[in-house]
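Note sheet for the following structure.
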Amino acid sequence: VQLQASGGGLVQTGGSLRLSCAASGRTLSNYNMGWFRQAPGKEREFVAAIRRAGTYKYYSHPVRGRFTISRDNVHNMVFLQMNNLEPQDTALYYCATYGGRDSDLPFGQDHDYDYWGQGTLVTVSS
């Protein structure tokens, strides 16, 4: 699977961005999907995940209530709507396909992910 993340940019505190992740090579509906981020000088961290059919979604505590993950399996896309952005959301954001067990909720361990996009940069100014 090849993943291409896009939609990052520079936004002021309180603003919004919508990230997209386009997949090619395989049908994305076969995969649970996740978003991760890595801020400068920090380790990569889990942001959100979504099951294959989009019925269940999981979020890390820092983004819960502000971010929404969704997917369009017809068009092989996954999205991350980010609202009320804060400077601490500044990071490189990655989408990835989950290869771990469905029982390992909330799919938050990056070593369980197989294919990764190249990342899209989100910068939130104060």
Side-chain angles (χ1 to χ4, degrees):
V1 178
Q2 290 80 45
L3 301 174
Q4 179 77 35
S6 61
L10 175 63
V11 64
Q12 292 185 333
T13 297
S16 298
L17 284 174
R18 188 192 194 208
L19 305 185
S20 299
C21 177
S24 60
R26 293 188 184 180
T27 302
L28 206 57
S29 60
N30 292 331
Y31 298 92
N32 298 318
M33 295 293 297
W35 284 96
F36 284 74
R37 67 186 182 186
Q38 187 167 19
K42 295 187 177 181
E43 293 189 353
R44 188 164 56 192
E45 66 172 356
F46 169 74
V47 174
I50 186 168
R51 285 190 183 261
R52 294 175 188 84
T55 49
Y56 293 96
K57 306 174 184 182
Y58 312 97
Y59 300 94
S60 65
H61 287 291
V63 309
R64 192 169 297 158
R66 300 186 298 121
F67 291 12
T68 302
I69 188 171
S70 62
R71 65 191 301 161
D72 179 353
N73 286 338
V74 172
H75 296 98
N76 250 16
M77 301 280 292
V78 178
F79 306 99
L80 186 68
Q81 177 66 43
M82 306 186 297
N83 297 330
N84 196 19
L85 284 160
E86 303 167 353
Q88 50 265 42
D89 295 318
T90 294
L92 197 59
Y93 283 73
Y94 300 90
C95 59
T97 60
Y98 179 75
R101 297 178 297 183
D102 281 7
S103 59
D104 289 342
L105 299 173
F107 306 156
Q109 300 300 315
D110 61 357
H111 61 255
D112 286 330
Y113 287 77
D114 298 320
Y115 300 98
W116 293 79
Q118 87 290 356
T120 184
L121 182 62
V122 172
T123 304
V124 185
S125 63
S126 58

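Predicted, not measured: the structure shown is a model, and the values here were computed from it.
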Would you list the atom pairs, donor with acceptor, under 3.5 Å between side chains in residues 13-30 and any protein atom, with sequence neighbours excluded?
residue	atom	partner	partner atom	Å
Thr13	OG1	Ser125	O	2.7
Ser16	OG	Asn83	OD1	3.0
Arg26	NH1	Tyr31	OH	3.1

Pairs under 3.5 angstrom only: tabulate donor-acceptor contacts from the side chains of residues 99-109 to other protein residues two or more places apart or in another chain.
residue	atom	partner	partner atom	Å
Arg101	NE	Asp104	OD2	3.1
Arg101	NH2	Asp104	OD1	3.2
Arg101	NH2	Asp104	OD2	3.4
Asp102	OD1	Asn32	ND2	3.0
Asp102	OD2	Arg52	NH1	3.0

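- Applying the 4.5 Å side-chain rule to ILVMFWY residues, one finds that Val74 remains a lone member of its cluster.
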Would you list the atom pairs, donor with acceptor, under 3.5 Å between side chains in residues 34-42 and any protein atom, with sequence neighbours excluded?
residue	atom	partner	partner atom	Å
Trp35	NE1	Phe79	O	3.4
Arg37	NE	Glu45	OE2	2.5
Arg37	NH1	Asp89	OD1	2.9
Arg37	NH1	Tyr93	OH	2.9
Arg37	NH2	Glu45	OE2	3.0
Gln38	NE2	Lys42	O	3.1

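- By the salt bridge (charged side-chain N to carboxylate O under 4.0 Å, His left out) test, Asp114 pairs with no residue at all, sequence neighbours left out.
- By the rule that hydrophobic residues join a cluster once side-chain heavy atoms approach within less than 4.5 Å of another member, Phe46 and Val63 end up as members of separate clusters.
- Thr120 contributes a side-chain N or O that, together with a main-chain N or O of Gly8, makes up a donor-acceptor pair within less than 3.5 Å.
- A donor-acceptor pair shorter than 3.5 Å can be found between the side chains of Tyr58 and Arg51.
- Following chains of ILVMFWY side-chain contacts shorter than 4.5 Å, one can reach Val1 starting from Ile50, so the two form part of one hydrophobic cluster.
- Side-chain contact check for Thr90 versus Val122: every heavy-atom pair is 4.5 Å or farther apart.
- Between the NE2 atom of His111 and the CZ atom of Arg44 there is a distance of 11.5 Å, given to the nearest 0.5 Å.
- Side-chain contact between Thr97 and Met33: present, with at least one pair of heavy atoms (C-beta onward) separated by less than 4.5 Å.
- By the criterion of side-chain heavy atoms lying less than 4.5 angstrom apart, applied directly or through intervening Ile, Leu, Val, Met, Phe, Trp or Tyr residues, Leu3 is not grouped with Tyr98; the two fall into different hydrophobic clusters.
- A 4.5 Å side-chain heavy-atom check between Tyr94 and Val47 finds every atom pair outside the cut-off.
- Of all heavy-atom pairs between Leu80 and Ala48, the closest is CD1-CB, 4.2 Å.
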Would Phe67 and Asn84 count as a side-chain contact (heavy atoms from CB on, under 4.5 Å) here? Give the steps. CA-CA 8 Å; Phe67 291 12; Asn84 196 19; over 6 Å; no
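- Residue pairs meeting the salt bridge (Lys or Arg N to Asp or Glu O under 4.0 Å) criterion with at least one member in residues 70-84, sequence neighbours excluded, do not occur.
- The aromatic rings of Tyr113 and Trp116 lie tilted to each other, with the angle between the two planes from 30° to 60°.
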